[in-house]
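All values derive from a computational prediction rather than experimental measurement.
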Amino acid sequence: MSERIALGFCNNVDYEIVWNREVVEALVIHYGIRADELSGRGAIESERDLLLSILAFMGTGEGGERFVSDSDIIERFAARFRKRVTLGGTSVRAAIAMRKLSYTSALHLITQNDHARRLIPADSPYVCSNARDSLYPHLIAQFEMGDQVRAGDIDVGARQPNRLIYHCNADRIDMRINPDFADLIGDAQVLLVSGFNAMQDERLLVKRLETVLKLLERLPAKATVYLEDGGYFDPSFRQLIYRALGCRIGVYSMNEDELQDHLGRSVALDDAAQVRSAVAELRRRIPARAIVVHSQHWALAYGEGARRYATALKAGVTMATTRFRYGDDFSLDQYREIENAAPRDQIASFAESINSAGGDNVYCVPVAAVDQRNATTIGLGDAFVGGFLPALLD
């Protein structure tokens with residue numbers, strides 16, 4: 001059984017905790033955490049380290065993804081909060097999102113368990129590279145703009161809504177590929193490549209990429225390979241991936257935090273000239289036909305003939321914004337509502353500035369202005385992919 005959309009290569013179970021200020025402040029006191037300790041980059045080898053990381057990210061308003069030394073740390077921390085158990089991984093979240101628009105897809109899984117079997121769309125054919133059930137949960141923490149933590153000398157407030165991901169996932173570190181996935185992609189017009197960011201062994205990554213290259217030989221010649229970036233355990237692995245897959249990558253996609261990680265510097269995301277310069281520099285480094293950057297306020301494509309992605313960019317930001325506003329259970333009517341909603345004037349002007357100066361090599365769409373109450377910040381990049389990919393068909 002083959003599908004027009006194929007999504008690889010990983011999945012996981014997410015623990016989406018419900019933020020509880022009182023619990024967090026009690027932990028700050030319990031662990032004697034001081035303001036001068038806050039860091040988003042230190043090793044996470046204890047629950048105390050995990051809390052330090054969360055508070056640091058909350059203070060900057062940035063999102064991120066970090067490795068934890070032991071899954072027990074995640075289990076212990078998550079048990080302190082109310083939580084939802086959901087499926088994570090760009091491929092499965094994108095599959096769930098695009099199903100809202102009646103598109104089906106074929107999936108490659110690395111983890112199977114009762115949660116996965118229950119939550120994957122029933123009409124999505126899949127293969128799994130793991131013969132046995134396993135569970136390595138990811139901790140997902142999200143905060144609203146204005147959320148506060150005040151305890152001891154800690155006084156941290158969230159500048160904007162965002163989400164954090166923490167994991168210690170042996171299946172993702174190993175990232176075995178099932179060659180039987182080839183049987184599901186023979187008619188694919190679009191293939192998503194994602195999920196290698198947690199790997200820690202360079203030789204093993206090279207071996208996995210060799211398997212992916214063999215799978216790409218089974219794709220139709222005109223199929224688009226869409227590579228979604230992520231928060232890498234070893235950022236140098238990004239270069240291994242795009243050099244290995246080379247010009248076979250049709251679209252290399254990332255969010256605004258990953259854009260800045262690639263460049264090693266901050267970019268003023270409301271400055272059209274800085275953004276154009278940043279994506280042009282990135283395009284010189286990455287041998288993909290187009291670079292796509294999706295952010296909180298806009299999304300753009302850069303590369304020869306970038307305007308061909310106008311419809312896909314619009315569908316991507318519509319899907320992500322609908323999920324941001326209405327959560328997982330949004331309806332098709334709510335999607336259409338967001339599709340027709342206007343952006344803020346400042347964001348519309350930014351997109352117009354990008355488009356008027358970029359010729360055919362860059363195209364930007366603004367994100368619709370929506371009410372941020374009870375906003376969902378988890379999986380918005382995955383939802384963007386779920387909107388973007390179906391628009392590439394035919």
Near-ring test F237/Y232, centroid separation under 6.0 angstrom: no
Is it the case that over 12 heavy atoms from other parts of the model lie below 6.0 angstrom from the CG atom of D345? no
For I44 and D49, the nearest pair of non-hydrogen atoms, with its separation, is CA-CB, 3.7 Å
Backbone N/O of H138 and side chain of H167: donor-acceptor pair under 3.5 Å: no
Does R285 pair with E281 as a salt bridge, N-O distance under 4.0 Å? yes
For the pair R283 (side chain) and A288 (backbone), establish whether a donor and an acceptor sit closer than 3.5 Å, ignoring hydrogens and angles. yes
Under the 3.5 angstrom rule, does the side chain of N355 hit a backbone N or O of C364 as a donor-acceptor pair? yes
Identified salt bridge (Lys or Arg N to Asp or Glu O under 4.0 Å) partner of R84 from the options D14, D328, D329: D328
Crowding at CZ, R82 (>12 non-hydrogen neighbours, <6.0 Å): no
Just checking R21: does its CZ atom have more than 12 heavy atoms from other residues, nucleotides or ligands closer to it than 6.0 angstrom? yes
Atom CD of Q346: over 12 foreign heavy atoms under 6.0 Å: no
Inspect the contact between R336 and D333 and indicate whether a charged nitrogen and a carboxylate oxygen are less than 4.0 angstrom apart. no
Step through the shown structure and confirm whether more than 12 heavy atoms of other residues, nucleotides or ligands are within 6.0 Å of CZ on R132. no
For Q148, does the CD atom sit with more than 12 other heavy atoms under 6.0 Å from it, leaving out its own atoms? yes
Before you tell me yes or no, could you show the steps for F77 and Y166 under ring pair (Phe, Tyr, Trp, His ring centres under 6.0 Å), namely the whole-Å CA-CA distance, both residues' side-chain angles and the distance that decides it to 0.1 Å? CA-CA 11 Å; F77 188 81; Y166 296 93; 8.2 Å; no
For D371, I'd like to know if atom CG has over 12 heavy atoms of other residues, nucleotides or ligands within 6.0 Å. yes
Around atom CZ of R203, are there more than 12 heavy atoms of other residues, nucleotides or ligands at under 6.0 Å? no
Are any side-chain N or O atoms of N113 and backbone N or O atoms of D133, one a donor and one an acceptor, separated by less than 3.5 Å? no
Main-chain N/O of P137 paired with N12 side-chain donor or acceptor, under 3.5 Å: no
Within the side chain of R48, is there an N or O that forms a donor-acceptor pair under 3.5 Å with the backbone of Y31? yes
Extract all donor-acceptor atom pairs below 3.5 Å that involve side chains of residues 172-179 and protein atoms in other chains or at least two apart in sequence.
| unit_1 | atom_1 | unit_2 | atom_2 | d |
| --- | --- | --- | --- | --- |
| R172 | NH2 | N197 | OD1 | 2.7 |
| D174 | OD1 | R208 | NH2 | 3.1 |
| D174 | OD2 | R176 | NE | 3.1 |
| N178 | OD1 | D180 | N | 2.8 |
| N178 | ND2 | C128 | O | 2.9 |

